[in-house]
There are 2 protein chains.
Amino acid sequence: MEKKRILVVDDEPDVTDLVAYHMGAKGFHVETVNDATASIAKARNYQPDLIILDIMMPHLSGMQICRILRADSRLAKVPILFLTAKAEPHDRIEGLKPGADDYVGKPFSPKELVLRAESILRRVAGPKESTSARLRIGDILLDSETHRVILRGVALELTATEFKLLRLMMERQGRVQTREHLLLNVWNYSTEIETRTVDTHVRRLREKPGPEARWIETIRGVGYRIADKKISA
Amino acid sequence: MEKKRILVVDDEPDVTDLVAYHMGAKGFHVETVNDATASIAKARNYQPDLIILDIMMPHLSGMQICRILRADSRLAKVPILFLTAKAEPHDRIEGLKPGADDYVGKPFSPKELVLRAESILRRVAGPKESTSARLRIGDILLDSETHRVILRGVALELTATEFKLLRLMMERQGRVQTREHLLLNVWNYSTEIETRTVDTHVRRLREKPGPEARWIETIRGVGYRIADKKISA
DNA sequence: AACCGGTGTAACGCGATTGTCACCTCAACA
DNA sequence: TGTTGAGGTGACAATCGCGTTACACCGGTT
């Protein structure tokens, strides 16, 4: 895979440097614009694979830039990763969905940012994983389209988070999922989420089918795994 | 599925390019005419699956082209997607209804245009799920031609929006519909429409049959779904 | 003008969901 | 068999999502 190009649009030199430093270290080619108004032109001839955009800039709203980018035929498909203030009202973040592919709330850890960026690039680049709508392991059946889960013929009522958690584990059938990995994919790797939260949700999942149904195994010191009866070593 | 053909009729090179770029990237085969008068001939031997037509052209009205196309036996059934100015008088937009399958108001986002075009092609091309104007789920009966809905033998009086909403959900029987998806297909993906509007309309739908008829299910944190009693593995 | 049906939006409130903590259990190991 | 730390469990407050109500607007009709 050739080197990925990332364009950072942010007027805070700190953030800009931080991104450049970390992503650069990870093998990305990073360019930076701290003048918001110049960002469009820059983007146009740089043709980045990803744009990291701060929506909290003093003069020109990142939101506006986003719209302009989206309206530009040559840039419309470039994924955008937003940097937002944590205090941002929830609905505003929702509101930027049409343009944004993901967002990271400030303050963020470099690690988080890098992970998210990589995740986006992976997703956009290769839709190789045909995550079929239907998954099945043993007597567990999960249908993403209807959002239904059936275990031993009994329908389970799962919340949104529980559903995502279970689906992730089923997609990686048999393999052990570390808490970190679960946090990264189910939650948006909000750095503020404790890893123990995963435990709680696993517990809630476990008790759904009623007692004495040990379908999610604990791998002590590592993580969790969906029990696959067929593999008995 | 073989490659879909799209014909763009517009005298503005900008728009033309934009469409070509995006749709082309999406795997469509796009041809373009910027001379309105030549469009009919072009259309006739190109035999496109979809025509995107600007009704705001200086010399020849897109409306006239539309009528001519409709009158041509070999093109009459080709769906037409109009590009209209946002400021367009309301009655004019209404006036083109008979010929148009959909329209997008300028300025539009590329994303919007592509989505609408795909939506049309999907609707026209893939009548895999009973194109028939009649849909039935459980004891709900919907007839697109007569524009009637009957639930448990009782006729429901639905407004236009309610009808479209219900039909979309019935077409996607069982599958969960996110608010975004509903907005996209029922409303004209006017980005200005709030997602909560969907809630309100779902509510209005719900109360039509009278109390205690939970036929539309809520999937918390995801969207809505028409109850389909059968749980099949 | 007054009215009215249809539609989109804002505000409020309640219950479900969720993240976190404190405490408990138990497996692993010496 | 005692120690230790990872993981289970129950409880709690904050938050979110959604139902619900009320209201403003817009076109069409009277």
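Order of the sequence lines sets the chain letters (A, B, ...), proteins ahead of strands, with each chain counted from 1.
Straight-line distance from the CG atom of L205(B) to the C1' atom of dG19(D): 15 Å, rounded to whole Å. The nearest whole Å value for the distance from the CD atom in E217(A) to the C1' atom in dA6(D) is 17 Å. In this structure, E194(A) places its CD atom 15 Å from C1' of dG7(D), rounding to the nearest Å. Spacing between atom NE2 of H147(B) and atom P of dG6(C) amounts to 12 Å, rounded to whole angstrom units. Between the CZ atom of R179(A) and the C1' atom of dG5(D) there is a distance of 12 Å, given to the nearest Å. Per the geometry, CD1 belonging to I216(B) stands 14 Å off P belonging to dC18(D), to the nearest Å. Rounded to an integer number of Å, the gap from CG of L183(A) to C1' of dT18(C) is 13 Å. Rounded to a whole Å, the CG atom of D199(B) is 16 Å from the C1' atom of dA22(D).
Side chains of L166(A) and I226(A) form a contact here, defined as non-hydrogen atoms less than 4.5 Å apart.
R148(B) is linked by a side chain to side chain contact (heavy atoms under 4.5 Å, CB included) to T146(B), counting only residues two or more places apart in sequence or in another chain. The side chain to side chain contact (heavy atoms under 4.5 Å, CB included) check on L156(B) picks up V149(B), L151(B), L158(B), K208(B), P209(B), W215(B), with sequence neighbours excluded. Under the ring pair (Phe, Tyr, Trp, His ring centres under 6.0 Å) criterion, H181(A) pairs with no residue at all, not counting sequence neighbours. By the side chain to side chain contact (heavy atoms under 4.5 Å, CB included) test, R175(A) is found to be paired with R172(A), Q177(A), residues two or more places apart in sequence or in another chain being considered.
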Pairs under 3.5 angstrom, nitrogen or oxygen only, protein versus nucleotides 12-17 of chain C, please.
from, atom 1, to, atom 2, distance (Å)
dG15(C), N2, R220(B), NH2, 3.3

Between the protein and nucleotides 10-14 of chain D, list the N/O to N/O atom pairs that are separated by less than 3.5 angstrom.
from, atom 1, to, atom 2, distance (Å)
dG10(D), N7, R203(A), NH2, 2.9

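Across all strands shown, T197(B) has heavy atoms under 4.0 Å from base atoms, whether or not it also approaches the sugar-phosphate. Nucleic acid contact for V222(A): sugar-phosphate only, since backbone atoms but no base atoms lie under 4.0 Å from a heavy atom of the residue.
Classification of the F163(B)-H147(B) ring pair by plane angle, with boundaries at 30° and 60°, yields parallel.
Residue W187(A) places none of its side-chain N or O atoms closer than 4.0 Å to OP1 or OP2 of dT18(C). Distances shorter than 4.0 Å separate none of the side-chain N or O atoms of Y224(B) from OP1 or OP2 on dG17(D). Side-chain N/O atoms of H201(A) include one lying less than 4.0 angstrom from OP1 or OP2 on dG19(C).
At distances below 3.5 Å, at least one donor-acceptor pair connects side-chain atoms of E162(A) with backbone N or O atoms of T159(A).
Looking at every heavy atom in both residues, T195(B) comes nearest to D199(B) through O-OD1, 3.4 Å.
In R136(B), the CZ atom is not crowded: 12 or fewer heavy atoms of neighbouring residues, nucleotides or ligands sit closer than 6.0 Å.
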